[in-house]
Amino acid sequence: MEHIILVRYGEIGLKGQNRSYFINLLVRNIKSSLKGLEYNLVKDQGRILVEMRGGSKKVGEGMARLKKVFGIVSLSRVARVNKDMDDIQQTALAMVQEQSPGTFKVETRRADKTFALKSPEISRAVGAYILGNTDRTAVDVHNPEVIVNVEIRDKAYIYTLVEKGPGGLPVGSGGKGVLLLSGGIDSPVAGWMIAKRGVKLEAVHYHSFPFTSERARQKVVELAKIMSGFAGPFKLHMVSLTDIQTSINQNCPEEQGTILTRRFMMKIAGEIAREEGAYALITGESLGQVASQTMESIYVTNASVDLPVFRPLLGMDKTEIMVKAREIGTYETSILPYEDCCTLFLPRHPVTKPRLDRILQSESHLEVGRLVTEAVNSRDILDIS
Ligand code: ATP
Ligand code: MG
């Protein structure tokens with residue numbers, strides 16, 4: 001028996017002229033996600049077959065990785081056997097036994113019309129064999145717990161489970177965006193949501209070394225690595241805000257510290273976007289969550305750049321964001337308790353309704369251009385994969 005992962009894609013199948021461009025990107029991303037595993041990939045009539053080598057453990061690993069690849073709508077573990085009724089029946093039985101459902105039915109598609117039995121005859125024979133070799137399993141043709149699918153083609157293909165993929169569009173089909181990646185819960189989720197629409201990420205993290213620790217840095221690298229499972233390989237720009245925060249601290253009213261810092265974050269990310277050919281910034285802001293995310297704060301922060309800023313979590317509650325973070329595998333790392341640069345010099349009473357004219361007034365006491373350029377030029381760039 002051979003192990004195959006059957007990959008189905010949806011939305012990208014609709015893209016008319018661009019269809020093959022999207023499918024080629026999807027194939028490239030699938031290959032990138034399966035790096036280190038042995039397999040053979042075949043495009044087959046509107047779906048992709050990944051023939052895995054190395055036994056069922058490796059198939060499980062392949063499934064887990066492919067479940068993160070955007071553009072994939074669903075996947076199935078498929079057994080491929082000879083077009084021989086004994087082989088087909090035994091394989092189908094083994095699959096049903098694995099799940100021991102209360103009810104099942106068999107559905108057959110016969111693409112190879114030379115096969116001796118017709119579809120309903122195959123279904124009946126396989127069904128009877130399963131019934132004869134299991135206890136407490138019954139046939140239910142209307143509402144079965146498990147559907148045993150049998151396809152007769154060049155060989156016989158058998159599968160029972162259809163598992164959900166993440167959907168969306170293949171990463172790389174939708175331009176590039178710069179994600180402001182903190183060590184928190186929200187920004188990795190924001191990155192996931194925009195990467196889902198085909199956007200290739202570039203990430204920027206701000207630290208205040210030596211006030212923030214090496215462990216805080218490691219945590220962000222770890223988060224980025226988890227993210228590369230769905231976003232593909234990307235660059236992580238590590239930018240120091242130490243000089244900027246010190247300068248703000250010395251020259252501006254304390255309660256404006258956070259909002260002024262956030263404007264610098266945006267400006268620096270905007271510069272990096274320009275250098276890297278990205279056309280949008282992405283943040284994990286959620287309306288009203290904290291002082292720096294009120295309508296007024298977002299207005300003032302936003303006014304520091306002229307690129308579009310995507311805030312895919314804007315309308316989500318924290319609990320909804322946490323559910324998503326668990327789902328995409330970043331939550332456990334995000335909650336590690338290391339300090340964030342934003343908590344340094346944190347004002348005791350941050351302004352919740354900043355006024356742009358006053359913030360610009362404060363900024364006029366800072367050498368904004370020089371500080372931004374120095375921060376951008378002294379950044380470390382890490383390749384994440
Ligand atoms: P998160 O959970 O993503 O840290 P948060 O709820 O803590 O978000 P803020 O600290 O106000 O909210 O940050 C809002 C957004 O600003 C973050 O989602 C992220 O996009 C960006 N951001 C904040 N701190 C940093 C940082 N140190 N480096 C890069 N981006 C940051
Ligand atoms: Mg944060």
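Note that ligands are numbered from 1 as they come in the structure, with each ligand's atoms numbered from 1 the same way. Note: hydrogens, waters and symmetry copies are ignored here, and every other heavy atom, side chains too, is used.
Counting all heavy atoms, side chain and backbone alike, Y159 lies closest to R77 at CB-O, 3.3 Å.
One finds a salt bridge joining E327 and K324 here, because a Lys/Arg side-chain nitrogen approaches an Asp/Glu carboxylate oxygen to under 4.0 Å.
Below 4.0 Å from some heavy atom of M265 lie the following atoms of ligand 1, by number and element: 24 (N), 25 (C). Close approach of ligand 1 to V204 is summarised as follows: ligand atoms under 4.0 Å from at least one heavy atom of the residue are 29 (C). Near G284, meaning under 4.0 Å from one of its heavy atoms, ligand 1 places the atoms 17 (C), 18 (O), 20 (O). Within the listing of ligand 1, atoms 1 (P), 2 (O), 4 (O) sit less than 4.0 angstrom from a heavy atom of G184. Listed by atom number, the atoms of ligand 1 under 4.0 Å from I185 heavy atoms are 2 (O).
Close N/O approach between P188 and ligand 1 is not found [any backbone or side-chain N/O within under 3.5 Å]. Considering backbone and side-chain N/O atoms, T283 never comes within less than 3.5 Å of an N/O atom of ligand 1. Ligand 1 has an N or O atom lying under 3.5 Å from an N or O atom of L180, backbone or side chain.
Residue Q218 holds its CD atom at 10.0 Å from OG of S213, rounded to the nearest 0.5 Å. Between the OG atom of S304 and the NZ atom of K267 there is a distance of 5.5 Å, given to the nearest 0.5 Å.
The residue L179 has no part lying near ligand 1, judged by heavy-atom distances below 4.0 Å. At a 4.0 Å heavy-atom cut-off, ligand 1 does not touch H207 at all.
Taking each of R262, H205, R311, K318 in turn, the one with a heavy atom nearest to atom 16 (O) of ligand 1 proves to be R262.
The ring-ring contact (aromatic ring centres under 6.0 Å, His included) pairs that include a residue from residues 117-148 number zero, where partners must be two or more places apart or lie in different chains. Under the side-chain hydrogen bond (donor to acceptor under 3.5 Å, both in side chains) criterion, the residue pairs touching residues 351-362 are Q256-S362, R355-D357, with sequence neighbours excluded.
The shortest distance between side-chain heavy atoms of S228 and P233 does not fall below 4.5 Å.
Using a distance-only test at 3.5 Å, with no hydrogens or angles considered, no donor-acceptor pair links the side chain of N302 to the main chain of I298.
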